[in-house]
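Comments concern the structure below.
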4 protein chains.
Amino acid sequence: MVGRPRSETSRRAILRAALDLCERDGYQNVTLKGIAQAAGTGRQTVYRWWRTKAEVMIEALTAFVEAPTGSEDLRTFLLETFRLSGGAVGGVIVGLMADAQSDEAFAVRMRGFIDSRRRALHAVLARTLSADVDLELAVDMVFGAMWYRLMNRHAPVDESLADDVTAMLARLSS
Amino acid sequence: MVGRPRSETSRRAILRAALDLCERDGYQNVTLKGIAQAAGTGRQTVYRWWRTKAEVMIEALTAFVEAPTGSEDLRTFLLETFRLSGGAVGGVIVGLMADAQSDEAFAVRMRGFIDSRRRALHAVLARTLSADVDLELAVDMVFGAMWYRLMNRHAPVDESLADDVTAMLARLSS
Amino acid sequence: MVGRPRSETSRRAILRAALDLCERDGYQNVTLKGIAQAAGTGRQTVYRWWRTKAEVMIEALTAFVEAPTGSEDLRTFLLETFRLSGGAVGGVIVGLMADAQSDEAFAVRMRGFIDSRRRALHAVLARTLSADVDLELAVDMVFGAMWYRLMNRHAPVDESLADDVTAMLARLSS
Amino acid sequence: MVGRPRSETSRRAILRAALDLCERDGYQNVTLKGIAQAAGTGRQTVYRWWRTKAEVMIEALTAFVEAPTGSEDLRTFLLETFRLSGGAVGGVIVGLMADAQSDEAFAVRMRGFIDSRRRALHAVLARTLSADVDLELAVDMVFGAMWYRLMNRHAPVDESLADDVTAMLARLSS
DNA sequence: CATTAACCGAGACGGTACGTCCTGTCTTAAC
DNA sequence: GTTAAGACAGGACGTACCGTCTCGGTTAATG
């Protein structure tokens, strides 16, 4: 038999509440209880479909945030990427990373999320850099710089970073 | 009057227990209660000297981990740095970063910790790269790559990363 | 149109499961969810026909347990009654009584159940005791002794109780 | 070492709240959560000292309700006993009995509580009835009648019951 | 060398989130 | 229109940790 179908309304309310609370209180201070409450849903409804706060958040990110595809030129790609990672998203993904440290099952899931972004940047760099550059490392350094600034906040992740990184990479192919 | 002096034994037992538990259970799963218990100390003794788990951890890191000074050549510096950040320390600093996201007071403290490492790398790169390279961005990209791998673990932070980064930077000055 | 008729199979399965679970886990630990599951029936099917666990139980009792009629002599009546009230039934009716304490609607229903037994004993005692004995009180004391032992279990509800009560009542008419 | 001593204030507030809520909502509808809340105490403080709602209630009864001693004459003893068992106490002890059905450990504890009352009545009856009456059974029938009425509420537990029981017992010794 | 004040361990305090279970209702497709 | 299935909002369960507090007991510099 079939049973009552899953409520799409509740699902979206939960994902939306997750991001909203994250923006308001910071990832660490968001609780599943709080998400359920804010979404006007029962706590069990959250637990039925997600195991942890991190699972909710990662689905919320994929649901509400569309990533660059890798078909743009380098500077455009970086601009788009950096714009997205500012705001709430940056805080969320840093928190997710922290949770992934102590939950290997989730770390794998997280890696999948990250890899799709890596592949996109990889595609862009493959078209941009000369053939003898270590593309994997280049990806690590570009995204690394972004993450590093997102976390430590010693400098902004903005247009000028996109320019500077583009310029730096240009030197590699000269 | 002066009263009983602080017990150095307890202090060291707490810092030691903090790192040990972190290695065993992961930063997220360590509790102040657990640290006090493992250190054979009262809970209040921890709270008397530190405000949060993060404060304990960051002091534990500075107490037990001596960092490269920046007087070495680039490859040696990176080797030493990457060796340190592997093992337990990597997990700890990622956890600390996560906590810093939602505690600005602690974020400032954390930034101080990070900046000392940045200055050291900056000094090394200043001696290594040609004068027209954006050193700050270079620091971001090198440490960024390290952090990015520490968090996402799609690739190790090891000797070969040190080699590859050294080679990549060499291209910038050619 | 009339639609699908009520499933007698489900009804009996539910009542049977109710008593079985009661015997296995004790009245307090039985849940409507558990009953439905054990009966292989949907949960709504239970709620459609009964309001509460107590309603199910009381119907299960009346469906599967046939009581003495009051046409026997005193000792036989007591023997039969006490035999019935041992086993699972005792536990069930004590649980029902407890539920009745906080649900007056159900308490009324329960009283009807109890009263039928009271009338039967009353009939027997009317034939047995001399005319000037307070029969209502006598019923209270006889059934009371039984209930008291069922609940507190300081002594069994068995043949020797039937004998002793019979003897005690005999003294009242001497 | 010693640690902070138990708070007598909290203990009394919890026991008091337990009885009050019982009187207001009925034993079945009282929750440990509700007791803690009403007592202005943390939930863990209840769990620290009692395993279940039943344990709290039975201690509340012994703390706030002083029982007849058995030194009175029969009618006085019964009056006192029945007066006590009216009101909230009756509902409480019926609920306790129900819980005891599915928790043997607690049933033992409950039996101890009941036995002290039985011994008192036994002492009274020993002075009142002629020597050849089965005292244990007499206790069962007297307390049984009381319990039976408390639970089923087909008749009150009051002064007239005390009179009637006294009269009934008098016939046994004639 | 006694006083004394800050330290220490232990552990209870009021709170809050956890993850689980059950309640009573609702919504499907199947019969 | 009843059925089995199962999701829904809600709320209590018992546990764990938080950060605070209150104990008795322990140091060492001060007076």
Side-chain angles (χ1 to χ4, degrees), chain A residues 1-11 13 29-37 39-53, chain B residues 1-11 13 29-37 39-53, chain C residues 1-7 9-11 29-37 39-49 51-53, chain D residues 1-11 13 29-37 39-49 51-53:
Chain A
M1 296 275 171
V2 276
R4 178 175 177 172
R6 177 172 185 183
S7 160
E8 183 61 17
T9 308
S10 288
R11 178 178 165 274
N29 299 322
V30 174
T31 67
L32 276 183
K33 183 179 190 175
I35 291 174
Q37 213 150 36
T41 188
R43 206 132 57 87
Q44 189 60 49
T45 299
V46 182
Y47 282 109
R48 202 188 327 278
W49 303 108
W50 298 277
R51 288 192 313 103
T52 61
K53 172 173 68 169
Chain B
M1 293 285 163
V2 279
R4 178 177 179 172
R6 175 173 185 183
S7 159
E8 182 61 18
T9 308
S10 289
R11 177 177 166 275
N29 300 322
V30 174
T31 67
L32 275 181
K33 182 179 191 175
I35 291 174
Q37 208 151 36
T41 185
R43 207 131 60 86
Q44 191 59 44
T45 300
V46 183
Y47 281 106
R48 201 188 324 277
W49 303 108
W50 298 276
R51 287 192 315 104
T52 61
K53 171 173 72 170
Chain C
M1 293 292 159
V2 281
R4 181 174 175 174
R6 176 173 184 183
S7 159
T9 308
S10 287
R11 179 178 166 273
N29 299 323
V30 175
T31 67
L32 275 182
K33 181 178 191 175
I35 291 173
Q37 209 151 38
T41 186
R43 208 132 58 85
Q44 190 59 44
T45 301
V46 182
Y47 280 108
R48 200 188 318 281
W49 304 108
R51 286 193 315 106
T52 61
K53 171 172 73 170
Chain D
M1 296 274 172
V2 277
R4 180 174 176 172
R6 177 172 183 182
S7 160
E8 183 62 17
T9 308
S10 289
R11 178 178 164 273
N29 299 321
V30 175
T31 67
L32 277 182
K33 182 178 190 177
I35 292 174
Q37 212 150 35
T41 188
R43 206 134 57 87
Q44 190 60 48
T45 300
V46 182
Y47 283 109
R48 201 185 332 274
W49 301 108
R51 286 192 314 106
T52 60
K53 171 173 71 168

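Numbers restart at 1 for each chain; the letters A, B, ... are given by sequence-line order, proteins then strands. All values below come from the heavy atoms of this structure, side chains included, with hydrogens, waters and symmetry mates left out. Just so we're clear, the structure is a prediction, and the values are computed from it rather than from any experiment.
- For B:Ala36 against B:Gly42, the heavy-atom pair with the smallest separation is CB-O, 4.0 Å.
- Side-chain N/O atoms of D:Thr45 include one lying less than 4.0 angstrom from OP1 or OP2 on E:dG14.
- An OP1 or OP2 oxygen of F:dA9 is reached within less than 4.0 angstrom by a side-chain nitrogen or oxygen of A:Ser10.
- Smallest separation of non-hydrogen atoms from B:Lys33 and B:Arg43: CA-CD, 3.7 Å.
- At E:dG24, none of the side-chain N or O atoms of C:Thr52 fall inside 4.0 Å of OP1 or OP2 (strictly under the cut-off).
- In this structure, D:Ile35 atom CD1 and F:dA12 atom P are separated by 12 Å, rounded to whole Å.
- Distances shown here put every side-chain N or O of A:Trp49 at or beyond 4.0 Å from the OP1 or OP2 atom of F:dG6.
- Between the side chain of B:Gln44 and the base of E:dC8, no donor-acceptor pair under 3.5 Å is found.
- The shortest distance between the side-chain N/O atoms of D:Arg4 and the OP1/OP2 oxygens of E:dA12 is not below 4.0 Å.
- Following rounding to the nearest Å, D:Tyr47 (OH) and E:dG11 (C1') show an atom-to-atom distance of 21 Å.
- In this structure, CD of B:Gln37 is placed 12 Å from C1' of E:dG9, rounded to the nearest angstrom.
- Within the 4.0 Å cut-off from OP1 or OP2 of E:dA12, not a single side-chain nitrogen or oxygen of D:Ser7 is found.
- The cationic group of C:Arg6 lies under 6.0 Å from the six-membered ring centre of C:Trp49 and within 45° of the ring axis, placing it in a cation-pi geometry.
- Taking atom CG of C:Asn29 as the reference point, atom P of F:dG14 lies 11 Å away to the nearest angstrom.
- Of all non-hydrogen atoms in D:Leu32 and D:Thr52, the two that sit nearest each other are CD1-C, 4.2 Å.
- Following rounding to the nearest Å, B:Leu32 (CG) and F:dT20 (C1') show an atom-to-atom distance of 13 Å.
- Rounded to whole angstrom, the span from the NZ atom of C:Lys53 across to the P atom of E:dT23 amounts to 8 Å.
- A:Lys53 contributes a side-chain N or O that, together with a main-chain N or O of A:Val30, makes up a donor-acceptor pair within less than 3.5 Å.
- Comparing C:Arg51 and B:Arg11 by the nucleotide of DNA chain E that holds the closest heavy atom to each, the one mapping nearer the 5' end is B:Arg11.
- Taking atom NZ on D:Lys33 and atom C1' on F:dC13, their separation rounds to 9 Å, with Å as the unit.
- Counting to the nearest Å, the C1' atom of E:dA12 and the CZ atom of B:Arg43 are 10 Å from each other.
- Between B:Trp50 and F:dG19 there is no side-chain N or O to OP1 or OP2 distance below 4.0 Å.
- Contact between the side-chain N/O atoms of A:Thr31 and the OP1/OP2 oxygens of E:dT16 is not found at any separation under 4.0 Å.
- In this structure, A:Ala39 and C:Ala39 both approach DNA chain F, and ranking their closest nucleotides by distance from the 5' end singles out C:Ala39.
- If you check every strand for non-hydrogen atoms under 4.0 Å, B:Gly40 touches sugar and phosphate atoms only.
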